[in-house]
Trainee: 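One structure follows; several queries about it will come next.
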There are 2 protein chains.
Amino acid sequence: MTQPTDTLSIRQMCDAFGVTARTLRFYETKELLFPLRDGTRRHFTKQDRARLTLILRGKRFGFSLEEIRQLLNMYDRGGSNAAQLLRTLAIGRDRLEQMQAQRDELGLAIADLQTQLAEGQSALDAFAQAAPAAAE
Amino acid sequence: MTQPTDTLSIRQMCDAFGVTARTLRFYETKELLFPLRDGTRRHFTKQDRARLTLILRGKRFGFSLEEIRQLLNMYDRGGSNAAQLLRTLAIGRDRLEQMQAQRDELGLAIADLQTQLAEGQSALDAFAQAAPAAAE
DNA sequence: CGTTACATTTACGTTAACGTAAAGCACACT
DNA sequence: AGTGTGCTTTACGTTAACGTAAATGTAACG
(Lines give C-alpha, C1' and ligand atoms only; values in the text may rest on other atoms or scores of the structure.)
Protein backbone atom coordinates (compact mmCIF):
# COMPACT_ATOMS: atom_id res chain seq x y z
CA MET A 1 0.00 0.00 0.00
CA THR A 2 2.97 2.26 -0.19
CA GLN A 3 2.53 4.68 -3.01
CA PRO A 4 4.42 3.47 -6.03
CA THR A 5 6.63 6.56 -5.73
CA ASP A 6 6.15 6.68 -9.42
CA THR A 7 8.09 9.87 -9.87
CA LEU A 8 11.75 10.75 -10.13
CA SER A 9 13.63 13.67 -8.65
CA ILE A 10 15.46 15.95 -10.99
CA ARG A 11 18.74 14.32 -10.13
CA GLN A 12 17.41 10.86 -10.74
CA MET A 13 16.20 12.05 -14.10
CA CYS A 14 19.61 13.43 -14.91
CA ASP A 15 21.24 10.15 -14.07
CA ALA A 16 18.65 8.13 -15.89
CA PHE A 17 18.87 10.10 -19.10
CA GLY A 18 22.31 11.61 -19.04
CA VAL A 19 21.19 15.22 -19.14
CA THR A 20 21.77 18.13 -16.78
CA ALA A 21 19.24 19.64 -14.42
CA ARG A 22 19.51 22.85 -16.38
CA THR A 23 18.39 20.98 -19.44
CA LEU A 24 15.33 19.56 -17.71
CA ARG A 25 14.30 22.93 -16.36
CA PHE A 26 14.95 24.43 -19.75
CA TYR A 27 12.73 21.87 -21.39
CA GLU A 28 10.05 22.71 -18.88
CA THR A 29 10.17 26.39 -19.74
CA LYS A 30 9.92 25.37 -23.37
CA GLU A 31 6.81 23.35 -22.52
CA LEU A 32 8.34 20.07 -23.43
CA LEU A 33 8.02 18.61 -19.95
CA PHE A 34 5.45 19.14 -17.23
CA PRO A 35 6.74 17.69 -13.99
CA LEU A 36 4.49 17.72 -10.96
CA ARG A 37 5.29 19.91 -8.00
CA ASP A 38 5.62 18.98 -4.38
CA GLY A 39 5.70 22.47 -3.03
CA THR A 40 8.77 23.67 -4.82
CA ARG A 41 10.35 20.46 -5.99
CA ARG A 42 9.80 18.82 -9.33
CA HIS A 43 8.60 15.26 -9.68
CA PHE A 44 8.98 13.71 -13.07
CA THR A 45 6.23 11.26 -13.91
CA LYS A 46 6.17 8.32 -16.24
CA GLN A 47 4.72 10.69 -18.80
CA ASP A 48 7.64 13.01 -18.45
CA ARG A 49 9.99 10.13 -18.87
CA ALA A 50 8.20 9.04 -22.01
CA ARG A 51 8.28 12.58 -23.35
CA LEU A 52 11.95 12.98 -22.60
CA THR A 53 12.64 9.78 -24.44
CA LEU A 54 10.84 11.24 -27.41
CA ILE A 55 12.66 14.52 -27.08
CA LEU A 56 16.04 12.88 -27.14
CA ARG A 57 14.99 10.68 -29.96
CA GLY A 58 13.75 13.72 -31.84
CA LYS A 59 17.08 15.40 -31.33
CA ARG A 60 18.82 12.36 -32.77
CA PHE A 61 16.59 12.87 -35.77
CA GLY A 62 17.79 16.39 -36.06
CA PHE A 63 14.54 18.05 -35.08
CA SER A 64 14.67 21.35 -33.26
CA LEU A 65 13.13 21.57 -29.83
CA GLU A 66 10.32 23.63 -31.26
CA GLU A 67 9.56 21.01 -33.87
CA ILE A 68 9.65 18.37 -31.20
CA ARG A 69 7.23 20.34 -29.08
CA GLN A 70 4.78 20.48 -31.94
CA LEU A 71 5.10 16.78 -32.61
CA LEU A 72 4.51 15.97 -28.97
CA ASN A 73 1.50 18.23 -28.85
CA MET A 74 -0.05 16.53 -31.83
CA TYR A 75 0.64 13.19 -30.34
CA ASP A 76 -0.95 14.25 -27.08
CA ARG A 77 -4.14 15.34 -28.70
CA GLY A 78 -4.56 11.80 -29.90
CA GLY A 79 -3.71 10.98 -33.46
CA SER A 80 -7.16 11.81 -34.73
CA ASN A 81 -6.04 14.88 -36.53
CA ALA A 82 -5.39 13.54 -39.97
CA ALA A 83 -4.53 16.81 -41.65
CA GLN A 84 -2.04 17.60 -38.99
CA LEU A 85 -0.61 14.17 -39.28
CA LEU A 86 -0.07 14.64 -42.95
CA ARG A 87 1.67 17.92 -42.39
CA THR A 88 3.75 16.19 -39.82
CA LEU A 89 4.68 13.56 -42.33
CA ALA A 90 5.62 16.27 -44.78
CA ILE A 91 7.84 17.85 -42.17
CA GLY A 92 9.44 14.50 -41.56
CA ARG A 93 10.10 13.97 -45.23
CA ASP A 94 11.52 17.44 -45.61
CA ARG A 95 13.84 16.81 -42.75
CA LEU A 96 14.83 13.53 -44.30
CA GLU A 97 15.70 15.22 -47.57
CA GLN A 98 17.66 17.89 -45.78
CA MET A 99 19.57 15.27 -43.91
CA GLN A 100 20.29 13.32 -47.05
CA ALA A 101 21.50 16.44 -48.80
CA GLN A 102 23.64 17.24 -45.82
CA ARG A 103 25.04 13.75 -45.77
CA ASP A 104 25.79 13.88 -49.47
CA GLU A 105 27.56 17.20 -49.14
CA LEU A 106 29.50 15.80 -46.27
CA GLY A 107 30.38 12.85 -48.41
CA LEU A 108 31.74 15.13 -51.12
CA ALA A 109 33.71 17.22 -48.70
CA ILE A 110 35.10 14.10 -47.09
CA ALA A 111 36.14 12.67 -50.42
CA ASP A 112 37.82 15.93 -51.30
CA LEU A 113 39.62 16.15 -48.04
CA GLN A 114 40.65 12.53 -48.21
CA THR A 115 42.30 12.83 -51.58
CA GLN A 116 43.94 16.04 -50.50
CA LEU A 117 45.34 14.46 -47.40
CA ALA A 118 46.38 11.28 -49.16
CA GLU A 119 47.71 12.85 -52.28
CA GLY A 120 51.01 13.85 -50.85
CA GLN A 121 52.88 15.49 -48.06
CA SER A 122 51.62 18.95 -48.67
CA ALA A 123 48.01 19.08 -47.76
CA LEU A 124 48.32 22.79 -47.54
CA ASP A 125 49.16 23.06 -51.18
CA ALA A 126 46.24 20.84 -51.89
CA PHE A 127 44.01 22.98 -49.79
CA ALA A 128 45.32 25.92 -51.69
CA GLN A 129 45.30 24.29 -55.05
CA ALA A 130 42.68 26.60 -56.47
CA ALA A 131 44.77 29.65 -55.66
CA PRO A 132 47.42 30.38 -58.21
CA ALA A 133 49.88 33.00 -57.12
CA ALA A 134 48.41 33.72 -53.76
CA ALA A 135 51.89 34.94 -52.92
CA GLU A 136 52.89 36.81 -56.03
CA MET B 1 49.71 51.12 -70.62
CA THR B 2 46.48 51.63 -68.79
CA GLN B 3 46.79 50.27 -65.34
CA PRO B 4 45.36 46.77 -65.32
CA THR B 5 42.62 47.98 -62.96
CA ASP B 6 43.41 44.77 -61.28
CA THR B 7 41.10 45.31 -58.37
CA LEU B 8 37.41 44.82 -57.78
CA SER B 9 34.99 46.99 -55.88
CA ILE B 10 33.15 45.46 -53.00
CA ARG B 11 30.04 45.07 -55.08
CA GLN B 12 31.89 43.37 -57.87
CA MET B 13 33.34 41.00 -55.33
CA CYS B 14 29.90 40.24 -54.01
CA ASP B 15 28.62 39.46 -57.47
CA ALA B 16 31.69 37.45 -58.37
CA PHE B 17 31.58 35.27 -55.27
CA GLY B 18 27.98 35.35 -54.19
CA VAL B 19 28.59 36.86 -50.79
CA THR B 20 27.34 40.03 -49.13
CA ALA B 21 29.34 43.18 -48.53
CA ARG B 22 28.87 42.62 -44.85
CA THR B 23 30.59 39.30 -45.22
CA LEU B 24 33.59 40.82 -46.98
CA ARG B 25 33.97 43.54 -44.37
CA PHE B 26 33.54 40.95 -41.68
CA TYR B 27 36.27 38.82 -43.18
CA GLU B 28 38.49 41.85 -43.22
CA THR B 29 37.98 42.50 -39.52
CA LYS B 30 38.79 38.85 -38.97
CA GLU B 31 42.01 39.35 -40.89
CA LEU B 32 41.09 36.99 -43.64
CA LEU B 33 41.19 39.62 -46.36
CA PHE B 34 43.31 42.73 -46.78
CA PRO B 35 41.84 44.88 -49.52
CA LEU B 36 43.69 48.03 -50.55
CA ARG B 37 42.23 51.42 -49.83
CA ASP B 38 41.58 54.27 -52.15
CA GLY B 39 40.83 56.85 -49.54
CA THR B 40 37.91 55.16 -47.91
CA ARG B 41 36.93 52.58 -50.49
CA ARG B 42 38.10 49.03 -50.61
CA HIS B 43 39.82 47.52 -53.60
CA PHE B 44 40.08 43.78 -53.66
CA THR B 45 43.21 42.52 -55.33
CA LYS B 46 43.94 39.25 -57.05
CA GLN B 47 45.37 38.11 -53.75
CA ASP B 48 42.13 38.84 -52.00
CA ARG B 49 40.26 36.95 -54.64
CA ALA B 50 42.56 33.98 -54.20
CA ARG B 51 42.15 34.13 -50.46
CA LEU B 52 38.39 34.38 -50.69
CA THR B 53 38.38 31.33 -52.90
CA LEU B 54 40.30 29.50 -50.23
CA ILE B 55 38.03 30.79 -47.52
CA LEU B 56 34.92 29.55 -49.26
CA ARG B 57 36.61 26.28 -50.02
CA GLY B 58 37.63 25.97 -46.40
CA LYS B 59 34.05 26.53 -45.35
CA ARG B 60 32.95 23.75 -47.66
CA PHE B 61 35.43 21.62 -45.79
CA GLY B 62 33.78 22.54 -42.56
CA PHE B 63 36.63 24.62 -41.19
CA SER B 64 35.82 27.55 -38.98
CA LEU B 65 36.91 31.00 -40.05
CA GLU B 66 39.54 30.99 -37.36
CA GLU B 67 40.95 27.71 -38.61
CA ILE B 68 40.93 29.07 -42.10
CA ARG B 69 42.78 32.16 -40.99
CA GLN B 70 45.50 30.04 -39.48
CA LEU B 71 45.79 27.92 -42.58
CA LEU B 72 46.05 30.99 -44.76
CA ASN B 73 48.66 32.49 -42.50
CA MET B 74 50.77 29.37 -42.67
CA TYR B 75 50.40 29.29 -46.37
CA ASP B 76 51.42 32.92 -46.61
CA ARG B 77 54.57 32.42 -44.66
CA GLY B 78 55.65 29.97 -47.31
CA GLY B 79 55.40 26.31 -46.57
CA SER B 80 58.77 26.14 -44.92
CA ASN B 81 57.40 25.56 -41.49
CA ALA B 82 57.38 21.81 -41.29
CA ALA B 83 56.23 21.45 -37.74
CA GLN B 84 53.36 23.76 -38.35
CA LEU B 85 52.51 21.92 -41.49
CA LEU B 86 52.34 18.69 -39.60
CA ARG B 87 50.07 20.18 -37.02
CA THR B 88 47.99 21.48 -39.82
CA LEU B 89 47.75 18.04 -41.29
CA ALA B 90 46.69 16.71 -37.92
CA ILE B 91 43.98 19.30 -37.76
CA GLY B 92 42.85 18.26 -41.20
CA ARG B 93 42.72 14.63 -40.23
CA ASP B 94 40.82 15.40 -37.06
CA ARG B 95 38.33 17.34 -39.05
CA LEU B 96 38.04 14.46 -41.47
CA GLU B 97 37.30 12.06 -38.69
CA GLN B 98 34.75 14.38 -37.20
CA MET B 99 33.07 14.70 -40.54
CA GLN B 100 33.03 10.98 -41.06
CA ALA B 101 31.53 10.44 -37.64
CA GLN B 102 28.97 13.07 -38.39
CA ARG B 103 28.16 11.50 -41.69
CA ASP B 104 27.81 8.10 -40.11
CA GLU B 105 25.49 9.41 -37.45
CA LEU B 106 23.50 11.11 -40.13
CA GLY B 107 23.35 7.85 -41.96
CA LEU B 108 21.94 6.12 -38.92
CA ALA B 109 19.38 8.80 -38.29
CA ILE B 110 18.37 8.76 -41.91
CA ALA B 111 17.92 5.04 -41.92
CA ASP B 112 15.79 5.28 -38.81
CA LEU B 113 13.65 8.01 -40.20
CA GLN B 114 13.29 6.21 -43.49
CA THR B 115 11.95 3.04 -41.97
CA GLN B 116 9.69 5.04 -39.75
CA LEU B 117 8.24 6.96 -42.64
CA ALA B 118 7.96 3.95 -44.89
CA GLU B 119 6.66 1.56 -42.32
CA GLY B 120 3.12 2.74 -42.37
CA GLN B 121 0.74 5.63 -42.35
CA SER B 122 1.37 6.73 -38.85
CA ALA B 123 4.80 8.21 -38.67
CA LEU B 124 3.82 9.80 -35.46
CA ASP B 125 3.28 6.47 -33.81
CA ALA B 126 6.57 5.39 -35.22
CA PHE B 127 8.23 8.47 -33.89
CA ALA B 128 6.62 7.74 -30.57
CA GLN B 129 7.16 4.03 -30.64
CA ALA B 130 9.44 4.06 -27.66
CA ALA B 131 6.82 5.70 -25.50
CA PRO B 132 4.27 3.33 -24.08
CA ALA B 133 1.29 5.05 -22.53
CA ALA B 134 2.38 8.60 -23.06
CA ALA B 135 -1.30 9.39 -22.70
CA GLU B 136 -2.41 7.24 -19.86
C1' DC C 1 22.93 72.12 -56.78
C1' DG C 2 20.04 68.09 -56.08
C1' DT C 3 19.60 63.31 -56.66
C1' DT C 4 21.18 58.81 -57.24
C1' DA C 5 24.41 55.16 -56.59
C1' DC C 6 27.61 53.13 -54.00
C1' DA C 7 30.40 53.20 -50.15
C1' DT C 8 31.77 53.71 -45.22
C1' DT C 9 31.78 53.11 -39.87
C1' DT C 10 29.48 51.98 -35.64
C1' DA C 11 27.03 49.16 -33.09
C1' DC C 12 23.16 46.52 -31.53
C1' DG C 13 20.42 42.20 -32.94
C1' DT C 14 19.86 37.25 -34.13
C1' DT C 15 19.68 32.00 -33.23
C1' DA C 16 19.83 27.60 -30.44
C1' DA C 17 20.45 25.27 -26.57
C1' DC C 18 21.88 25.35 -22.90
C1' DG C 19 26.23 26.91 -19.17
C1' DT C 20 27.18 29.20 -15.13
C1' DA C 21 26.97 31.83 -11.27
C1' DA C 22 24.43 33.91 -7.27
C1' DA C 23 21.45 33.75 -3.61
C1' DG C 24 18.23 31.41 -1.03
C1' DC C 25 14.57 27.76 0.62
C1' DA C 26 13.57 23.17 2.91
C1' DC C 27 14.66 19.22 5.35
C1' DA C 28 17.48 15.75 7.68
C1' DC C 29 20.82 14.82 10.80
C1' DT C 30 23.69 15.80 14.88
C1' DA D 1 21.66 25.85 16.56
C1' DG D 2 24.56 24.40 13.01
C1' DT D 3 25.81 21.71 8.90
C1' DG D 4 25.03 19.53 4.67
C1' DT D 5 22.44 18.07 0.69
C1' DG D 6 19.40 18.83 -2.80
C1' DC D 7 16.57 21.77 -4.91
C1' DT D 8 14.80 26.30 -6.33
C1' DT D 9 14.53 30.84 -9.15
C1' DT D 10 16.60 34.68 -11.59
C1' DA D 11 19.32 36.25 -14.87
C1' DC D 12 23.41 37.20 -17.43
C1' DG D 13 26.96 34.71 -20.51
C1' DT D 14 28.38 31.85 -24.54
C1' DT D 15 29.35 30.80 -29.67
C1' DA D 16 29.60 31.65 -34.82
C1' DA D 17 28.84 34.23 -38.58
C1' DC D 18 27.01 37.34 -40.08
C1' DG D 19 22.05 40.59 -40.49
C1' DT D 20 20.31 44.97 -40.11
C1' DA D 21 19.74 49.47 -39.21
C1' DA D 22 21.49 54.44 -38.70
C1' DA D 23 24.06 58.13 -39.89
C1' DT D 24 27.36 59.79 -42.93
C1' DG D 25 30.56 60.44 -47.06
C1' DT D 26 31.81 61.05 -51.84
C1' DA D 27 31.58 60.93 -56.69
C1' DA D 28 29.31 61.31 -60.88
C1' DC D 29 25.14 62.52 -63.46
C1' DG D 30 21.92 65.89 -65.15
Side-chain angles (χ1 to χ4, degrees), chain A residues 5 7-45 48 51-72 91 95 98-99 102 105 109, chain B residues 5 7-45 48 51-72 91 95 98-99 102 105 109:
Chain A
T5 305
T7 66
L8 295 185
S9 77
I10 198 166
R11 198 49 59 108
Q12 291 173 317
M13 279 291 274
C14 294
D15 296 345
F17 288 89
V19 298
T20 70
R22 176 68 173 94
T23 297
L24 294 176
R25 298 194 190 104
F26 179 69
Y27 286 171
E28 189 181 354
T29 71
K30 290 291 178 179
E31 304 188 61
L32 290 165
L33 296 177
F34 309 93
L36 300 176
R37 292 301 180 104
D38 164 19
T40 176
R41 287 171 151 85
R42 290 171 176 80
H43 291 287
F44 294 87
T45 67
D48 291 313
R51 293 179 73 91
L52 183 53
T53 300
L54 294 183
I55 292 166
L56 298 179
R57 174 191 267 247
K59 291 198 62 178
R60 270 218 57 223
F61 279 78
F63 289 99
S64 73
L65 292 183
E66 173 56 20
E67 287 171 330
I68 291 170
R69 193 184 61 80
Q70 290 177 30
L71 289 172
L72 287 176
I91 291 175
R95 192 95 264 278
Q98 280 177 39
M99 288 168 63
Q102 230 188 82
E105 270 199 67
Chain B
T5 305
T7 65
L8 295 185
S9 76
I10 197 167
R11 197 49 59 109
Q12 291 173 317
M13 280 290 276
C14 294
D15 295 346
F17 288 89
V19 299
T20 70
R22 177 67 173 95
T23 297
L24 294 176
R25 297 193 190 104
F26 180 69
Y27 287 171
E28 189 181 353
T29 71
K30 290 292 178 178
E31 304 188 61
L32 290 166
L33 296 177
F34 308 94
L36 300 176
R37 292 301 180 104
D38 163 21
T40 175
R41 285 170 153 85
R42 291 170 177 81
H43 291 288
F44 294 86
T45 68
D48 290 313
R51 292 178 73 91
L52 183 52
T53 299
L54 294 183
I55 293 165
L56 298 178
R57 174 190 265 249
K59 292 198 61 177
R60 270 218 59 224
F61 279 78
F63 290 99
S64 73
L65 292 183
E66 173 56 20
E67 287 171 329
I68 291 170
R69 192 183 63 78
Q70 291 177 31
L71 289 172
L72 287 176
I91 291 175
R95 192 97 266 277
Q98 281 178 36
M99 287 167 62
Q102 233 186 81
E105 272 200 66

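Order of the sequence lines fixes the chain letters, A, B, ..., with proteins taken first and strands second; residue numbering starts at 1 for each chain. Heavy-atom basis, side chains included; hydrogens, waters and symmetry copies ignored.
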Trainee: Less than 4.5 Å apart, side chain to side chain, heavy atoms only: is that true for V19(A) and M13(A)?
Mentor: no
Trainee: Rounded to whole Å, how long is the line connecting atom CG of L56(B) with atom C1' of dC18(D)?
Mentor: 14 Å
Trainee: Rounding to a whole Å, what distance do you find between L52(B):CG and dC18(D):P?
Mentor: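 Going from CG in L52(B) over to P in dC18(D) covers 11 Å.
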Trainee: Just how far is it from atom CG of L33(A) to atom CZ of F26(A), taken to the nearest 0.5 Å?
Mentor: 11.5 Å
Trainee: Would you check if Y27(A) and R51(A) make a side-chain contact, meaning some heavy-atom pair closer than 4.5 Å?
Mentor: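 Answer no - side chains too far apart.
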Trainee: Is any side-chain heavy atom of T7(B) closer than 4.5 Å to one of D38(B)?
Mentor: no
Trainee: Can you name the side chain to side chain contact (heavy atoms under 4.5 Å, CB included) partners of T20(B), sequence neighbours left out?
Mentor: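 Side chain to side chain contact (heavy atoms under 4.5 Å, CB included) check on T20(B) returns R22(B), T23(B).
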Trainee: For E66(B), give me all partners under side-chain hydrogen bond (donor to acceptor under 3.5 Å, both in side chains), at least two apart in sequence or on another chain.
Mentor: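 Counting only residues at least two positions away or on another chain, E66(B) forms a side-chain hydrogen bond (donor to acceptor under 3.5 Å, both in side chains) with R69(B), Q70(B).
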Trainee: Tabulated below should be each protein N or O lying under 3.5 Å from an N or O of nucleotides 10-12 of chain D; please produce it.
Mentor:
none

Trainee: Can you check the E67(B) CD to dA16(D) P distance for me, whole Å?
Mentor: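 So the CD-P distance, E67(B) to dA16(D), works out to 10 Å.
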Trainee: Atom pairs under 3.5 Å, N or O on each side, protein against nucleotides 24-28 of chain D: can you list them with distances?
Mentor:
none

Trainee: Under the criterion side chain to side chain contact (heavy atoms under 4.5 Å, CB included), I'd like the reasoning laid out for L24(A) against F17(A): C-alpha separation, chi angles, the key distance, then a yes or no.
Mentor: CA-CA 10 Å; L24(A) 294 176; F17(A) 288 89; over 6 Å; no
Trainee: For DNA chain D, what residues of residues 23-39 of chain A have any heavy atom nearer than 4.0 Å?
Mentor: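 Correct list: R25(A), R37(A).
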Trainee: Any side-chain N or O of R69(A) below 4.0 angstrom from OP1/OP2 of dA17(C)?
Mentor: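 Indeed not, no polar side-chain atom of R69(A) lies that close.
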Trainee: Considering residues at least two apart in sequence or located in another chain, which fulfil the salt bridge (charged side-chain N to carboxylate O under 4.0 Å, His left out) criterion with E28(B)?
Mentor: R37(B), R42(B)
Trainee: Using modelled atom types only, decide if a donor and an acceptor are shared between the side chain of D48(B) and the backbone of T45(B) within a distance under 3.5 Å.
Mentor: yes
Trainee: If you define the side chain from C-beta out and look only at heavy atoms, does anything of H43(B) sit under 4.5 Å from L8(B)?
Mentor: no
Trainee: Can you pull out the residues from residues 10-20 of chain B that lie within a 4.0 Å heavy-atom distance of DNA chain C?
Mentor: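 Contacts with DNA chain C under 4.0 Å: I10(B), R11(B).
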Trainee: Looking at residues at least two apart in the chain, or sitting in another chain, which of them share a side chain to side chain contact (heavy atoms under 4.5 Å, CB included) with A21(B)?
Mentor: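 Residues passing side chain to side chain contact (heavy atoms under 4.5 Å, CB included) with A21(B): I10(B), C14(B), R25(B).
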Trainee: Where each pair must be Watson-Crick or G-U wobble with both distances under 3.5 Å, what dot-bracket representation of DNA chain D is obtained, with crossing pairs in [ ] and other-strand partners as |?
Mentor: ||||||||||||||||||||||||||||||
Trainee: Does some side-chain heavy atom of L32(A) sit less than 4.5 Å from a side-chain heavy atom of L52(A)?
Mentor: no
Trainee: Mind running side chain to side chain contact (heavy atoms under 4.5 Å, CB included) on R57(B) and I68(B) for me, showing each step along the way?
Mentor: CA-CA 9 Å; R57(B) 174 190 265 249; I68(B) 291 170; over 6 Å; no
Trainee: Does K59(B) have a side-chain nitrogen or oxygen under 4.0 Å from the phosphate oxygens OP1 or OP2 of dA16(D)?
Mentor: no
